[in-house]
Number of protein chains: 2
Amino acid sequence: MPETTWSALQDPNRRAVLDLLRQRPHAVNELVGALGASQPSTSKHLRVLREAGLVHVLRDGQRRIYAIDPAPLAELDGWLAPYRALWNRSLDDLGRHLDEHPEATEPEAQRPRRRDPKET
Amino acid sequence: MPETTWSALQDPNRRAVLDLLRQRPHAVNELVGALGASQPSTSKHLRVLREAGLVHVLRDGQRRIYAIDPAPLAELDGWLAPYRALWNRSLDDLGRHLDEHPEATEPEAQRPRRRDPKET
DNA sequence: CAGATATATATCTGTCAAGGTATATCACGC
DNA sequence: GCGTGATATACCTTGACAGATATATATCTG
């Protein structure tokens, strides 16, 4: 998986853009309004997403309509796949382990409690 | 999903650590060797992973054994979930769409532009 | 053509993170 | 306790990146 996918997704504004584009394509000025960021800043974020292959642009007159391109996300999903086995069996396994070694849990905000199949 | 998860995963060294820890827990010096990074650098990466809740540490004498903590990855998986529908139906849907609108797929790099006074 | 609108780019600046070196901390064997 | 090995932290320097302002480019309207 290319490095650009990770660095593009690391920024919250860009993830917010993707969350919007996931529902429907948007023109730039719509995204500017939704993000509350300046227009140049938004354009720069869109450029990063474009170069990472996460979005593509269509011209509509003087507007540019941005739409999502899910391929890199599918790659991310592929990267995640081998880990999936871990938390599947961890949900009961890890809970037991944490009971025995509570010092191993660092001050993290809030992680899913013991075994709760439908979290998030 | 906490910002720390993304920023922790954005670094290739830290992803490499996770790839190692996915298989089995490792002591720090093992990770140092595997990454080819310096020991302080490795420790710093481990700290970031720890604070992101992606790994936890167990003491074994004077060693620290790091093991993976998949909960944040499960959260990432949850973030990814709503996008999954996109590339699932994209596989046939998008293909049909592209047949109808081939101009939409042009990489904006070399699209023939109208009258350009000083191109290249 | 002029002017307005939509978007991109250039430039600067402050912030933050990564890598390196040196050093501190902690556990071990003697 | 002492020297040694394992790991963490402090400090410094450098590079990348986000945000802001100004400007360029392209399109539309009249």
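Bear in mind that the values here come from a model prediction, so they are computed numbers and not experimental data. First the proteins, then the strands, lettered A, B, ... as listed; each starts at 1.
- For the pair B/R63 and B/E30, the salt-bridge criterion is not met [side-chain N within less than 4.0 Å of a carboxylate O].
- The salt bridge (charged side-chain N to carboxylate O under 4.0 Å, His left out) check on B/D77 picks up A/R84, B/R84, with sequence neighbours excluded.
- Between the C1' atom of D/dA18 and the CH2 atom of B/W6 lies a distance of 18 Å, rounded to the nearest Å.
- Legend: ring-ring contact (aromatic ring centres under 6.0 Å, His included) pairs involving residues 2-41 of chain A, not counting sequence neighbours, sorted by first then second residue: A/W6-A/W79.
- Rounded to a whole Å, the CZ atom of B/R63 is 16 Å from the C1' atom of D/dA8.
- Separating the CZ atom of B/R47 from the P atom of D/dA6 is a distance of 22 Å, rounded to the nearest angstrom.
- The nearest whole Å value for the distance from the CG atom in B/L46 to the C1' atom in D/dA6 is 13 Å.
- Shown here are the side chain to side chain contact (heavy atoms under 4.5 Å, CB included) partners of A/A71, two or more places apart in sequence or in another chain: there are none.
- Remark: P of D/dT27 and CD1 of A/I65 are 15 Å apart, rounded to the nearest angstrom.
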Could you encode protein contacts along nucleotides 20-30 of chain C as a string, one character per nucleotide from 5' to 3', using B for base contact, S for sugar-phosphate-only contact and - for no contact, with a heavy-atom cut-off of under 4.0 Å? BBB---SBS--

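- Residues from residues 7-27 of chain A lying near DNA chain D, meaning a heavy-atom separation below 4.0 Å, are A/D11, A/N13, A/R14 in numerical order.
- Rounded to 10 degrees, the angle separating the terminal helix axes of the helix from C/dC1-D/dG30 to C/dC30-D/dG1, each built from five base pairs, is 20°.
- Atoms CD (A/E51) and P (D/dC17) sit 11 Å apart, rounded to a whole Å.
- Not a single salt bridge (charged side-chain N to carboxylate O under 4.0 Å, His left out) links A/R64 to another residue, sequence neighbours left out.
- Within the structure, the side chain to side chain donor-acceptor pair (under 3.5 Å) test picks out the following pairs touching residues 31-42 of chain A (sequence neighbours left out): A/Q39-A/S43.
- Among residues two or more places apart in sequence or in another chain, the side chain to side chain contact (heavy atoms under 4.5 Å, CB included) test is passed with A/P25 by A/I65, A/A67.
- Following rounding to the nearest Å, A/N29 (CG) and C/dA8 (C1') show an atom-to-atom distance of 14 Å.
- Of the listed residues (A/V57, A/V28, A/L54, A/V32), just one forms a side chain to side chain contact (heavy atoms under 4.5 Å, CB included) with A/L46, and that residue is A/V28.
- Between A/H45 and D/dC17, a side-chain N or O to OP1/OP2 separation shorter than 4.0 Å is absent.
- Remark: B/Q62 engages no residue in a side-chain hydrogen bond (donor to acceptor under 3.5 Å, both in side chains) (not counting sequence neighbours).
- For A/R47, the side-chain hydrogen bond (donor to acceptor under 3.5 Å, both in side chains) partners are A/E51, not counting sequence neighbours.
- Of the side-chain N and O atoms in A/Y66, one or more sit less than 4.0 angstrom from OP1 or OP2 of C/dA8.
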Distance-only donor-acceptor hits, side chain of residues 13-20 of chain B, under 3.5 Å, sequence neighbours excluded:
| residue | atom | partner | partner atom | Å |
| --- | --- | --- | --- | --- |
| B/N13 | ND2 | B/D11 | OD1 | 3.3 |
| B/R14 | NE | B/A8 | O | 2.7 |
| B/R14 | NH1 | B/H45 | ND1 | 3.1 |
| B/R14 | NH2 | B/S7 | O | 3.0 |
| B/R15 | NH1 | B/L9 | O | 2.8 |
| B/R15 | NH1 | B/Q10 | O | 3.0 |
| B/R15 | NH2 | A/E3 | OE1 | 2.9 |
| B/D19 | OD1 | A/Y83 | OH | 2.5 |

